[in-house]
Amino acid sequence: MARPARPSVVLLSASGSLPEVDRLLRRSGVRVYRIASISSRPVDPRLWRGRLRRAPPPDTVIVTSRAAVEAGVRPWRRARPRLPRPLEFWAVGPGTSEALRQAGVRGVHRPRRSTAGEIARALPSRPPRCVVHFRSDRAGPRLARALRARGHRVVDLVVYRLQKMPRFTPRERRFLEEAGLLVVTSPSGLEAVRDRLDRPSFFRLTRSARLEVLGERSRRSARLLGFRYVSVAPSTTAQRFTRHLLRELRHARA
């Protein structure tokens, strides 16, 4: 199928990711299509707040996704406006960091590489910390186990559940096939692309799509899934991110 005359970008993201990018791309003459990458359902905070109340006041909070900020950090802060001091927040990935800043958290820490295991290595083992980890049901307890092995006390909380997405519609498949650039904002979103296509279609996409991801964790996931052309965005700030996408589109059309 021939590519449209105007360059196009498909943004596969959770709701609320990369605000303002659509407008900036369209102002530069780029077609923009948004497709929901994941669907999540928050766990009722009443089911996990009791564990927090019974635990010692935390000095470290770890968040591994934007959805965990919305389903965990925000309701926790609403229920307890005065948070313990001092309190460190650690985030995996630039999108999660930005979501924490939008939630009013300042001074967010990030490991050098965007992996949960890197956070476990970055936290000093002495003195031991009281850690709260907000996560999804699919993330698993691996990070909590690694932290406990280093002597930390961990409250490991599932605050949202990922739901299965339907197969792509014919219209969405056409967008994917025609896109000059495919932007996927999380490893979960990449896995959802695989699950929402039949195997031959997904294989063709991994061979042809120019993929843009956020963070090293997503880059590794994309490589493991077989994507050939993968680039990591240097920033999620709307202006810088848009400039980067426009450069990548120019390269794709060269």
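Counting begins at 1 with the first residue of the sequence.
Every residue two or more places apart in sequence or in another chain was checked for a salt bridge (charged side-chain N to carboxylate O under 4.0 Å, His left out) with R161, and none qualifies. Judged as a side chain to side chain donor-acceptor pair (under 3.5 Å), and not counting sequence neighbours, the contacts of R219 are E216. Partners of F168 by ring-ring contact (aromatic ring centres under 6.0 Å, His included), not counting sequence neighbours: none found. With sequence neighbours left out, E70 forms a salt bridge (charged side-chain N to carboxylate O under 4.0 Å, His left out) with R74. Contacts of R204 classified as salt bridge (charged side-chain N to carboxylate O under 4.0 Å, His left out), with partners at least two apart in sequence or in another chain: none.
Across all non-hydrogen atoms, the minimal contact from V108 to A91 is CG1-CB, 3.8 Å. Listed here is the closest heavy atom pair of S13 and R34: OG-NH1, 2.8 Å. The minimum heavy-atom distance between A120 and L143, with the atom names listed, is CB-CD1, 3.9 Å.
Classification of R173 and D198 as a salt-bridged pair holds, one side-chain N sitting under 4.0 Å from a carboxylate O. Using a 4.0 Å cut-off between a side-chain N of Lys or Arg and a carboxylate O of Asp or Glu, R174 and E177 do not qualify as a salt bridge.
Side-chain contact between S8 and F175 is absent, with no heavy atoms from C-beta onward closer than 4.5 Å. Between F227 and L190, some side-chain heavy-atom pair lies under the 4.5 Å cut-off. Residues V132 and T60 are not in side-chain contact: their nearest non-hydrogen atoms beyond the backbone lie 4.5 Å or more apart. Residues L246 and L25 form a side-chain contact, since some pair of their non-hydrogen atoms from C-beta on lies under 4.5 Å apart.
R135 contributes atom CZ, which lies 8.5 Å from atom CG of L157 (distance to the nearest 0.5 angstrom). Atom OG of residue S188 and atom CG of residue L162 lie 5.0 Å apart, to the nearest 0.5 angstrom.
Residues in residues 87-97 take part in these side-chain hydrogen bond (donor to acceptor under 3.5 Å, both in side chains) pairs, two or more places apart or across chains: E88-W90, E88-R129.
Partner of F134 under the ring pair (Phe, Tyr, Trp, His ring centres under 6.0 Å) criterion, out of Y160, W48, F89: W48 alone.
Both tests pass for R210 against the ring of Y229: distance under 6.0 Å to the centre and angle within 45° of the axis.
Counting non-hydrogen atoms of neighbouring residues, nucleotides and ligands closer than 6.0 angstrom, the CZ atom of R142 reaches no more than 12 such neighbours.
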